[in-house]
Amino acid sequence: MESRRGMMNPRAAEEESSSDLVAMRRIQRLSSHISPDVTAPPSLPLVQAERCSSRSSKKLEVNGEALSLYMRGKHMDIQEKVFDFFNSRPDLQTPIEISKDDHRELCMNQLLGLVRETGIRPLRYVADDPEKYFAIMEAVGSVDMSFGIKMGVQYSLWGGSVLNLGTKKHRDKYFDGIDNLDYTGCFAMTELHHGSNVQGLQTTATFDPLKDEFVIDTPNDGAIKWWIGNAAVHGKFATVFARLILPTHDSKGVSDMGVHAFIVPIRDMKTHKTLPGVEIQDCGHKVGLNGVDNGALRFRSVRIPRDNLLNRFGDVSRDGKYTSSLPTINKRFGATLGELVGGRVGLAYASVGVLKISATIAIRYSLLRQQFGPPKQPEVSILDYQSQQHKLMPMLASTYAYHFATVYLVEKYSEMKKTHDEQLVADVHALSAGLKSYVTSYTAKSLSVCREACGGHGYAAVNRFGSLRNDHDIFQTFEGDNTVLLQQVAADLLKRYKEKFQGGALTATWSYLRESMNTYLSQPNPVTARWEGEDHLRDPKFQLDAFRYRTSRLLQNVAARLQKHSKTLGGFGAWNRCLNHLLTLAESHIESVILAKFIEAVKNCPDPSARAALKLACDLYALDRIWKDIGTYRNVDYVAPNKAKAIHKLTEYLSFQVRNVAKELVDAFELPDHVTRAPIAMQSDAYSQYTQVVGF
Ligand SMILES: Cc1cc2nc3c(=O)[nH]c(=O)nc-3n(C[C@H](O)[C@H](O)[C@H](O)COP(=O)(O)OP(=O)(O)OC[C@H]3O[C@@H](n4cnc5c(N)ncnc54)[C@H](O)[C@@H]3O)c2cc1C
C-alpha cells in the first residue's frame, strides 16, 4: 500500500515543479497584459511563490492583539472564569474513553460544579442578559459538547419554557429551583410519530372541572415523547407539549384548543423515583452527545393542577372557560414557538464555536506539517499547497463571516427580549431559523474536511475531530430540522415580497429586497458585467449587489412558479414542486445577510492592520461564494466570461494572501489550549505532545 500513497517520483516532481515555475511566469506576464488589476499568480507553495512574484509574497503585518481584541466578545471574562474552573478540576474533565453511564454522571457533575461552585447562575442570564448566557454556553460546550447541550436542556429549554410560556406565578415558584439545579427538568415536545410537525402532536391534556386538574395522556405508541433530554436519568420535571382538551356542552362533548405547554412532575423530589402514571425508558447509546440522557416518556392519566398550564398565551378558568389574547389556534401556536427561538440562536452561536475549534486545529496542523518540496530544498508546509488552501482558507474566511453574523443575531435576540417589538420578533424568528440551518450545515461538512486535511492524525480520537463531528452532527436536526427551517425563511421572504406589492412595510434586515426589486431585477448591465479590475471585484458594493441580485431573481422566479403550479397542484403540491428552488432562495438570502454583516464589521474595525486582514477574509468569503455559483451569474450574463476568469484568479490569490495571515487569524479566536486540546494543534512541540499521548 505504501507505494500507492501518492509518493511522486522525485525526478517527475522536479520536472513538474520547474515547468510549474515557467508556466507561472507566463501566466503572470499574460495576465498583466489582459487585466492590469489582477496580476497575482495562482498560489504555489510559498517558497515557489516567493520566487515568482514580489507582490504575492508580501505578507500583511497584522496587529494580532488588536485583531483579537476586536474579536473578543463582551463576555470574555465570564468565559475565562469557566475555563479556569475546569482547568483547576481535572476530575471534571471528560476523558477520551468513557462509558455512556459515566459520561452522563460526569456531565451532571460538570453542571453542578459550574452552578454551585463558581456561582454562575445561568437562568438569570437567560432572563436578563442572553448575550452573557450564550457566551457561557459557548465556553461550556467547548469543555464538552454534551455538557453544553445538557446545560441548554436545563436552562434554555426547560427553564426557558417556564419563563417564556408561563406567567409570574410560575416564575415565582420555579425560578430559583431551576437556577440552582434542585429542579432539574426536560422539554418534552417531540413524539415518536411527530418531530418537525409539532402541530401533529397527539399527547392530550384534558381539563377535569370537578377536580380542577388536567389529565395528561399518551393516547397511542406514536404519541410517546421521544428523545427527551434529561429524561432518562436526571430530570424531575418536564414541560410537556400536549393538545388542550376542554369539555363542552355540545354533541361533541370536547373541544381541542391546540398544542399548549404544561409542567408535569416526573420523579419524586426526595426519592427520585418515577411518579405514578409516568413511564420512562432510555433512548440508549447515540452517535454522539452520550453525556446527555435522552429518554422516552409515556403518560397514563397523570393528574396535574390547573396552575401547571403555562398560560401566557392561553388560559383556562376554574369553570373550564378558555381565554386568550390571540384569536386563533394558529396565532397561539406561532406565538408559543416564537418564544422558543432562544435555543436556535444558541445553536447557531455554538456551531460557530465548533467551527472555530476545528478550523484552528486543522490550520495550525497544516502550518506545521511538512510533506514534499522542491528538489534539494526543505519540505514545504502542507498549507502551502494550493489544494490545502482551497480546503481551508475559504473555511477560515467563512468562520469569520459567521462569527459576525451570529454576534449580530444574539444582539437582535437580546433586543427582542427587552422590547418584545412585534416586527423584531418576526425578524429574529426568520434570521435564527436561517442562520441556525446555514451555519450548522456548513460546520458539519467542514468537520469532515478538517479531519481529512489532517491526514491520518486527524483520525486519532485525541485530536478531537471524531467527537466534534459526532456531537455536532445533530445540530442540523434538533431545535428544528435544517430543511424545514430553511422553508420558514423562504416563506417569510415570499410573504414580504407579497407585502411589497401590496404596499406594506419591509423591515430593516430585509429592506434590501425593496431596493433589489427595483434595481436588481432590471437586465444586467452589459458594461459592468465586463468590469474585471481588482478594485471593482473587491468593492463591497459589487459583492453585495451580486449576492442580492441572485436572491432577488430566485425570489421573483419562485413566486411566479408557485403561482403557476398552484393552479393545478394546489398550495401544498406547488410548494413541493418548487422545494429545492425555495431552499436555494433561503440560503442565498442568508448569505446576503452574512456578507452585509461581515462588510459592516470590516468597516467598523478600528485598527488598520486588523481591518486589512479582515478585508482579505471578507473578500475571499464573497468571491469564493460568487465563484461557486458562477453558473448562475454566467447564465444571465451578469458576469461576462473574462470577468468570471478574473473572479476565479482573484479568489485563488486571496486564498494565498489569507494563508499568509492564517496564523494571526486563528490566534485571534483566542481559544485556550485546553479547547483546541488536540496535540496536533499545539504549534511548538506537536510531535513531543503527541508521542507522549500514546505513551512514549
Ligand atoms: C440527540 C437528540 C436530542 C433531542 N432532544 C430533544 C428534546 O430535549 N426535546 C424534544 O422535544 N425533542 C428533542 N429531540 C428531537 C428533535 O427535536 C427532532 O428529532 C427534530 O425536531 C426532527 O424531528 P424528527 O426526528 O421527527 O424528524 P422528521 O421531522 O421526521 O424529519 C426526517 C427527515 O424528513 C425531512 N422532512 C420533514 N418534514 C419535511 C418537510 N416539510 N419538507 C421537506 N423535508 C422534510 C427532514 O428534512 C428530515 O431529513 C432530540 C433529538 C435528538 C436526536
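Please read these numbers as outputs of a predicted model, since none were measured by experiment. Counting starts at 1 for both ligands and their atoms, following the listed order.
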| task | Could you pull out all residues at least two apart from Val254 that satisfy side-chain contact (heavy atoms from CB on, under 4.5 Å)? | result |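 side-chain contact (heavy atoms from CB on, under 4.5 Å) list for Val254, sorted by chain: Ile245.
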| field | With Ser351, the side chain to side chain donor-acceptor pair (under 3.5 Å) member among Thr406, Thr440, Thr443 | value |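 Answer to the side chain to side chain donor-acceptor pair (under 3.5 Å) test with Ser351 among Thr406, Thr440, Thr443: Thr443.
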Filter the ligand 1-protein atom pairs down to N or O on both sides and distance under 3.5 Å, then list them.
from     : atom 1 : to     : atom 2 : distance (Å)
ligand 1 : 5 (N)  : Trp227 : O      : 2.9
ligand 1 : 8 (O)  : Gly229 : N      : 3.0
ligand 1 : 9 (N)  : Phe187 : O      : 2.8
ligand 1 : 11 (O) : Phe187 : O      : 3.4
ligand 1 : 11 (O) : Met189 : N      : 3.0
ligand 1 : 11 (O) : Thr190 : N      : 2.8
ligand 1 : 11 (O) : Thr190 : OG1    : 3.1
ligand 1 : 12 (N) : Thr190 : OG1    : 2.7
ligand 1 : 23 (O) : Ser196 : N      : 3.4
ligand 1 : 26 (O) : Gly195 : N      : 3.3
ligand 1 : 29 (O) : Ser196 : N      : 3.2
ligand 1 : 29 (O) : Ser196 : OG     : 2.5
ligand 1 : 42 (N) : Gln487 : NE2    : 3.0
ligand 1 : 47 (O) : Asp481 : OD1    : 3.3
ligand 1 : 47 (O) : Asp481 : OD2    : 2.6

| query | If you measure only the distance, is there a donor-acceptor pair under 3.5 Å linking the side chains of Arg464 and Ser358? | reply |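 No, no side-chain donor-acceptor pair sits under 3.5 Å.
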Which side-chain N or O atoms in residues 137-145 pair as donor and acceptor under 3.5 Å with protein atoms at least two apart or in another chain?
from   : atom 1 : to     : atom 2 : distance (Å)
Glu138 : OE1    : Gln79  : NE2    : 2.9
Ser142 : OG     : Ala139 : O      : 2.7
Asp144 : OD1    : Ser146 : N      : 2.9
Asp144 : OD2    : Thr94  : OG1    : 2.7
Asp144 : OD2    : His103 : NE2    : 2.8

| field | cation_pi(Arg121, Tyr125) dist<6.0 Å, angle<=45 | value |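 Geometry flag: not set, cation outside 6.0 Å or 45°.
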| For Phe333, what residues pass the ring-ring contact (aromatic ring centres under 6.0 Å, His included) criterion, not counting sequence neighbours? |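 By the ring-ring contact (aromatic ring centres under 6.0 Å, His included) rule, Phe333 matches no residue at all.
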